[in-house]
Amino acid sequence: HLSNFPVEWEGYFFRDELVARFGQEVTISNDARAFSVAESVLGVAAGLKTVVCVVLGTGVGGGVVIGGRLWKGTGSAGELGHQTVELDGPLCGCGNHGCIESIAGATAIISAGGKPTVPEVFEAARSGDALARTAVNRAISALAAGLGNAYLVLAPDAIVVGGGIAGAGAQLFDPLTEQIRNRVRTVPGGSIRVLKAKLGLFAGAVGSALIAAERINS
C-alpha cells in the first residue's frame, strides 16, 4: 500500500508499460527518495558521507543516503515519516496510528490548525492563535522525535529538511533543531546538524536523474 497515492494506480505495472512503449530501461523512485539523493550529492549536503533527509509536504517522506547512494535495505528503507511517535496517535494513511506523517504532514497541520493552508497555520501561530500554535508545536515535536531516533540509529553527518513546509524558515528550523538536540543525549548537541534543502522544485528531477545514472553504471 502506498500512502498519498491514488488507489486507482495500485497494481498497475507502470514501469513495465513505459519500458514496452519506449524500448528503454526505466528506473522508478518516489519523490522523497529522489529529493534525498539530490540534496546529498549536489545540494546542501554535498560531500557528506551519511545524510538523513526528510521532505515535508502533503505527507512526510524521506531517505537515507550513504556515500552518495540511496540506502534501500531490503527495499523500503528511509520511510522516516512512518515512524510511530505517538502510541495511540491519529490514524495515518498507511494504516498505522501515530506516525509522524499523521501529525506533521500538511493535511494534519491544516486540520489541527484550523486554517486552509500550512503557511496560514504558521502565520496564525506567530500571531498567537492558540489552535494554530498547538498544531505547529505538536508537528515540530513529532518530527523532532522521529529525526532524533534516526540520528541515534545512524549518526548522520547532517539531517536535511525540505519540502513546502520548510518554507516556514526559522519558525520551523530553530525549535526543530533545539528539540532534536535535546532528545539526543549521546553526543554533544552542537554536533547535530540540521540543514535546509537548497535545490527547491528541481530536487526531484535532479535526484531521479542521479538514481537512473547509478543504476545504469552499476
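Residue numbers start at 1 and run along the sequence shown. Fair warning: this is a prediction, and the values are worked out from it, not measured in the lab.
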Is the closest side-chain heavy-atom distance between Glu79 and Asn30 below 4.5 Å? yes
Which heavy atom of Gly146 sits nearest a heavy atom of Ile100, and at what distance? CA-CD1, 3.5 Å
Side chains of Pro90 and Ile103, heavy atoms from C-beta outward: is any pair under 4.5 Å? yes
Report whether Leu195 and Val187 are members of the same hydrophobic cluster (ILVMFWY, side-chain heavy atoms less than 4.5 Å apart, transitive linking). no
Same apolar cluster (I L V M F W Y, side chains within < 4.5 Å links), Leu199/Val44: no
Indicate yes or no: at least one non-hydrogen side-chain atom of Trp71 is less than 4.5 angstrom from one of Leu154. no
Do you know the tightest heavy-atom contact between Lys115 and Ala124? CE-CB, 3.8 Å
About how many Å separate OG1 of Thr117 and CZ of Phe122, when rounded to the nearest 0.5 Å? 10.5 Å
Taken to the nearest 0.5 Å, the spacing of His97 NE2 from Leu87 CG works out to 12.0 Å
I'd like to know if Arg126 and Glu123 make a salt bridge, using a cut-off of under 4.0 Å between side-chain N and carboxylate O. yes
Please say yes or no: joined through hydrophobic side-chain contacts below 4.5 Å, possibly via intermediate residues, are Val121 and Ile165 part of one cluster? yes
Does CG in Asp88 sit with more than 12 non-hydrogen atoms of other residues, nucleotides or ligands closer than 6.0 Å? no
Hydrophobic clustering (ILVMFWY, side-chain heavy atoms < 4.5 Å, transitive) - are Leu147 and Val51 grouped together? no
Rounded distance (nearest 0.5 Å) linking atom OG of Ser127 with atom CZ of Arg133: 9.5 Å
So Val161 and Phe173, do their side chains get closer than 4.5 Å, heavy atoms only? yes
Taking the side chain from Asp157 and the backbone from Thr50, do they hold a donor-acceptor pair closer than 3.5 Å? yes
Tell me, do Ser141 and Gln179 make a side-chain contact under 4.5 Å, heavy atoms counted? yes
Minimum heavy-atom separation for Val85 to Ala145, with atom names? CG1-CB, 4.0 Å
Please report the shortest heavy-atom distance between Ser191 and Pro188, naming the atom on each side. OG-O, 2.6 Å
Return the OG1 to CG distance between Thr58 and Asp31, rounded to the nearest 0.5 Å. 9.0 Å
Is it possible for you to say whether Val37 and Phe202 belong to one hydrophobic cluster, with membership spreading through side-chain heavy-atom contacts below 4.5 Å? yes
Would Glu39 and Lys196 pass as an ion pair if we require N to O under 4.0 Å? no
A side-chain contact here means heavy atoms from C-beta on lying under 4.5 Å apart; do Val54 and Leu143 qualify? yes
Within the 4.5 Å heavy-atom criterion, are Ile140 and Leu172 side-chain neighbours or not? yes
What's the spacing between Leu210 CG and Ser36 OG if we round to 0.5 Å? 12.0 Å
If you measure from CZ on Arg193 to CZ on Arg181, what distance do you get to the nearest 0.5 Å? 10.0 Å
Where Leu91 and Gly95 come nearest, the two heavy atoms and their spacing: CD1-O, 3.7 Å
Grab the two heavy atoms, one from Gly43 and one from Lys198, that are nearest each other, plus how far apart they are. C-CE, 3.5 Å
Contact check, side chains of Thr177 and Ile192, non-hydrogen atoms, under 4.5 Å: no
